[in-house]
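Read through the structure below, which is laid out as structure tokens, and then see the notes.
Computed from a predicted structure; not experimentally measured. Naming convention: chains lettered A, B, ... in sequence-line order (proteins, then strands); numbering from 1 in each chain.
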Amino acid sequence: MTEQPFIKVRGLTRTFGNFTAVDNIDLDINRGELFVLLGGSGCGKTTLLRMLAGFETPDAGSIEIDGADMAQTPPYSRPVNMMFQSYALFPHMSVEKNVAYGLKRDGVDRAQIKLRVGEMLQMVEMQDFAKRKPHQLSGGQRQRVALARSLIKKPKVLLLDEPLGALDKRLREQTQFELMELQDKLGTTFVVVTHDQEEAMTLATRIAVMEGGRFMQIGTPAEVYETPATKFVANFVGSVNMIDGVVTSCQPGLVDVKTKQGAVTLQAQSRDEHAVGSEVSIAVRPEKIIIQKTRPETEPETPNVLHGTVKELAYLGRLSTLRVETDAGFIVEVTSPNTTRHSDGKHPFEWDDEVYISFPAASAVVLIA
Amino acid sequence: MSGAGPQRSTFLLSCLCFGFAFLYIPILLMIVYSFNHSKLLPVWGGFSFRWYVTLFNSPDVWAATVLSLKIALINATVATFFGTLAGLALARFTRFPGRTLFTGMISAPLVMPEVITGLSLLLLFITLQQLIGWPGNRGMSTITIAHITFSMAYIAIIIQSRLANSDLSLEEAALDLGAKPFRVMADITLPLLAPGMMAGWLLAFTLSLDDLVIASFVAGPGSTTLPMLIYSRIRLGLKPDINALATLLVLAVAIGVLIAGWILIRNQRLRKP
Ligand SMILES: Nc1ncnc2c1ncn2[C@@H]1O[C@H](COP(=O)(O)OP(=O)(O)OP(=O)(O)O)[C@@H](O)[C@H]1O
Ligand SMILES: [Mg+2]
């Protein structure tokens, strides 16, 4: 017996005038998942979330949550709570009252409300601020209150619209882990919107990459990163070298591609069939490329070895990013970890160094141009 | 350019001083003369509360004051209620046909010459009297209704602009937490509007308190408001007790406006964290 998806979205569409913000989307989210919607600005993430919460009426399609169709259910009766991008804390109520609001509306008795609000504030470590008003809190504290308020009713699904958007980098990273811990502890299904790919990778059990109101790819962070389905996904999630070329041969699992620039042959693994002569791109992540001063001792027929010169070099502390101009003419970005300490300021590579770069065919992905 | 800066600013500054002097010296003069012991206006006869005492002992001044205050109170309260509803309708229930027309129309009473407003209301009351026999005689009720019509427009606009600038997600958050629309209105929208409503109430109160033109049109015999009383006394010649009365009126209006401004500013600071 296969388990029914907890959230089941079919053919969901929302248009504003003649602009389609969400375009015929199908989506299955399982119980207890931490599902991340990742996409650039204006791609329809918020609109999709608002349809799940019931603030936006779909033009077509259906939403089912835990087996119940949501079409006729107003926002105040949905088993869903939302944490707003702006937090939307009620400015005229204290922290305590904000958090208690949902329970009050449900008619929970006072003693019970007091108890649960206390527990919830404890959980987000805001118990000392119960009497304060939202404008007396810092950004991070407000974020915690908003989280507490949206969790107090123990919703089946929690929707979070850029929950960490207003926090600085350090606090953000710390909060990411707290959020994951919390989700793990409560077992609530989380749907998180973000435009930050690192955040998506950190948080998600699965990621949906969105563009122009559609899903480009849905998968685990590793799937999305290692085997991007399209050039957009490859570019959006992490940085990537995209080398255009034409397929010259396609044996099972291995594709040979002659690059447009320089006409060198590169090899990549691929599960799909590619017709000889079709235009493709080879995508390689910068950290999967090995950079050396001497020619690597590989089998002579291994094609993915290129000679070039270092054109740019950026020292980023933990690693360095190098841009290497190959003899074939195209530029390849390489990151190399700084495993040893060079206190004299000398780096293993310098500008205009002659280098060899190489990558195994398994590290490259063939994407249709 | 850089040389013109300070020069221009001295010029602007003197303009400003002149403007303010023009505005406030007459009022200051009036206040000063209200404490003048002498009966003759331009002669300073020493400081005294004489005219205030005269004022408190004249029954028609008392009657007019009570009438004006009554009208102002009822007007402010009723206009705040309906003006708030109108502002809510204009700002929140966005997609009804002819909304733009309504928005435009609600501000019409603000720019309409008072004479026109007064005249048209008078016509309305006369017509009504012939059709349904009400209002039997014009007086406090007709003045109050007339004041409500224009005060409402001011309040509707204050409320509408507050709502237009406010964060819709607050109301959505309340909905999301299980509050039905009416509950959202009571718990979130109205509390957030309260400062606007208070300011509006004070504004309506003062507008009503110093209206002369519209009240004159729709008043009947025996219903003399304070501004009407002042105006009629002036026509009989300047008398110092009127200065005292006007000074008190200025004081009342100034306090009202200051409190309204204070409420609005304080609230803005609270809301911008
Ligand atoms: N009420 C509306 N009326 C008209 N267009 C809208 C409305 N709401 C959203 N849109 C449009 O729909 C598109 C998607 O908006 P949405 O808010 O879902 O984007 P988003 O992915 O959340 O972007 P961001 O990361 O910037 O928040 C945008 O182009 C936006 O202009
Ligand atoms: Mg958004």
Side-chain angles (χ1 to χ4, degrees), chain A residues 46 49-50 52-57 73-93 97-108 132-139 141-142 145-155 157-162 166, chain B residues 80 84 87-88 91-97 99-100 158-159 161-201 259-260 262-273:
Chain A
T46 299
L49 215 60
R50 288 171 59 81
L52 291 175
F55 298 129
E56 209 79 68
T57 318
T73 314
Y76 50 84
S77 322
R78 294 196 182 196
V80 167
N81 281 127
M82 180 147 166
M83 187 178 146
F84 287 79
Q85 191 164 4
S86 57
Y87 303 148
L89 296 176
F90 307 133
H92 56 299
M93 296 186 195
K97 291 243 169 65
N98 263 284
V99 177
Y101 190 78
L103 292 179
K104 238 191 222 161
R105 292 287 73 77
D106 278 3
V108 178
R132 290 219 195 158
K133 290 277 178 70
H135 69 95
Q136 296 166 315
L137 301 176
S138 75
Q141 291 167 339
R142 260 178 247 159
V145 177
L147 188 63
R149 190 180 68 176
S150 56
L151 278 171
I152 192 101
K153 289 181 76 175
K154 305 200 172 109
V157 180
L158 182 65
L159 308 171
L160 303 103
D161 194 354
E162 311 219 4
Chain B
T80 303
T84 304
L88 271 171
R92 278 297 180 261
F93 309 109
T94 34
R95 270 163 234 147
F96 66 89
R99 178 171 170 266
T100 330
I158 294 179
I159 296 294
S161 73
R162 291 220 113 210
L163 284 173
N165 293 330
S166 79
D167 189 356
L168 207 62
S169 62
L170 289 178
E171 283 153 66
E172 286 178 344
L175 267 184
D176 184 63
L177 290 166
K180 300 210 170 70
F182 264 110
R183 212 53 246 197
V184 176
M185 181 86 82
D187 287 352
I188 311 299
T189 320
L190 286 181
L192 292 179
L193 283 181
M197 286 165 68
M198 273 195 273
W201 191 93
I259 295 178
W262 178 72
I263 290 174
L264 283 177
I265 289 171
R266 188 188 67 134
N267 191 255
Q268 232 148 40
R269 240 186 268 137
L270 265 185
R271 282 223 261 172
K272 290 236 169 63

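Both the backbone and the side chain of B/Ala174 come within contact range of chain A, each with at least one heavy atom under 4.5 Å from a heavy atom of that chain. For chain B, the nearby part of A/Met93 is the side chain; its heavy atoms alone come within less than 4.5 Å. Neither the backbone nor the side chain of A/Leu159 comes within contact range of chain B; no heavy atom of the residue lies under 4.5 Å from a heavy atom of that chain. Looking at A/Arg149, both its backbone and its side chain come within 4.5 Å of chain B, counting heavy atoms on both sides.
A/Arg78 places a side-chain N or O within 3.5 Å of a backbone atom of A/Leu52 that can act as its donor or acceptor partner. The backbone N or O of A/Leu137 sits less than 3.5 Å from a side-chain atom of A/Arg142, completing a donor-acceptor pair. A donor-acceptor pair is defined here as one N or O able to donate and one able to accept, closer than 3.5 Å; no such pair exists between the side chain of A/Asn81 and the backbone of A/Leu151.
Annotation: cation-pi geometry not satisfied between B/Arg183 and A/Tyr76 (NZ/CZ under 6.0 angstrom from ring centroid, within 45° of ring axis).
Between A/Phe55 and A/Phe84, the ring-plane angle classifies as tilted under the 30° and 60° cut-offs.
If you tally non-hydrogen atom pairs under 4.5 Å between each of A/Ser77, A/Ser150, A/Gly102 and chain B, the highest count goes to A/Gly102.
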